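So the structure is just underneath, and the comments pick up after that.
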Amino acid sequence: MPEPTVVTTTVVAADYFQSYSVVGLLTAVGVLFVAVAFGAGRLLRPVVPTPEKLLTYECGVDPVGEGWAHTQVRYYVYAFLYVIFAVDSIFLFPWATVFAAPGYGAATLVEMFIFLGFLAVGLLYAYKKGVLAWT
């Protein structure tokens, strides 16, 4: 009598790879669609370079002055800190669902405190460097 687990495993593996084949097919169709759109645009567009078309412009106006602008770095630091804590919140939701599952409580609790410890060290470092002081 054959073992049913072998047949079940084969069927489950076939279903698993079939779902990925659908994703691969959609990816190929998407890449093909973009390639055809860019190719059609390249073939159909007129190519008539003139000196006016080759000038640099900004919003339809000729640029005046130097092309270098100074930007405050602190805005980027705030954006970076926001991204860090957004990733933290994204990690907290799946953790909460796994934490509720039986048998995963202690391990997931330790992992989360390690993760939050790393974030706390990063926040403390930013605070000590004076990044969080708005001037």
Side-chain angles (χ1 to χ4, degrees):
M1 184 166 157
E3 292 185 22
T5 56
V6 175
V7 174
T8 306
T9 304
T10 305
V11 171
V12 170
D15 290 340
Y16 179 77
F17 289 120
Q18 183 181 5
S19 65
Y20 274 111
S21 66
V22 171
V23 171
L25 179 66
L26 285 175
T27 302
V29 167
V31 168
L32 183 67
F33 180 75
V34 170
V36 167
F38 276 115
R42 187 175 188 129
L43 290 174
L44 297 175
R45 72 176 179 222
V47 181
V48 185
T50 61
E52 290 83 17
K53 289 182 182 178
L54 298 175
L55 285 177
T56 303
Y57 69 95
E58 187 172 326
C59 299
V61 179
D62 291 333
V64 177
E66 192 175 324
W68 183 260
H70 296 285
T71 305
Q72 294 290 335
V73 175
R74 66 176 173 231
Y75 299 121
Y76 294 110
V77 173
Y78 282 108
F80 185 64
L81 287 172
Y82 170 76
V83 168
I84 288 173
F85 287 104
V87 169
D88 176 34
S89 65
I90 289 171
F91 186 66
L92 282 172
F93 288 114
W95 171 76
T97 59
V98 170
F99 184 70
Y104 290 104
T108 56
L109 187 64
V110 169
E111 288 174 359
M112 184 49 64
F113 276 119
I114 291 171
F115 180 72
L116 291 175
F118 280 120
L119 286 177
V121 167
L123 187 62
L124 182 65
Y125 176 77
Y127 178 74
K128 290 285 187 184
K129 285 296 217 177
V131 172
L132 301 178
W134 189 265
T135 54

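Keep in mind the model is a prediction, meaning the values are calculated, not measured.
Clustering of Ile, Leu, Val, Met, Phe, Trp and Tyr side chains at separations under 4.5 Å leaves V121 isolated, with no partner residue. Through side-chain heavy atoms spaced under 4.5 Å, either directly or across other Ile, Leu, Val, Met, Phe, Trp or Tyr residues, I114 is tied to V110, F118.
Taking the side-chain contact (heavy atoms from CB on, under 4.5 Å) definition, one finds that V36 meets it with L32, sequence neighbours left out. Listed by chain and residue number, F91 satisfy the ring pair (Phe, Tyr, Trp, His ring centres under 6.0 Å) test with F115 (two or more places apart in sequence, or in another chain). Residues satisfying the side-chain contact (heavy atoms from CB on, under 4.5 Å) test with V23, not counting sequence neighbours, are T27. With sequence neighbours excluded, the residues satisfying ring pair (Phe, Tyr, Trp, His ring centres under 6.0 Å) with Y20 are Y16.
Contact check for R42 versus F38: no side-chain heavy atoms found under the 4.5 Å cut-off.
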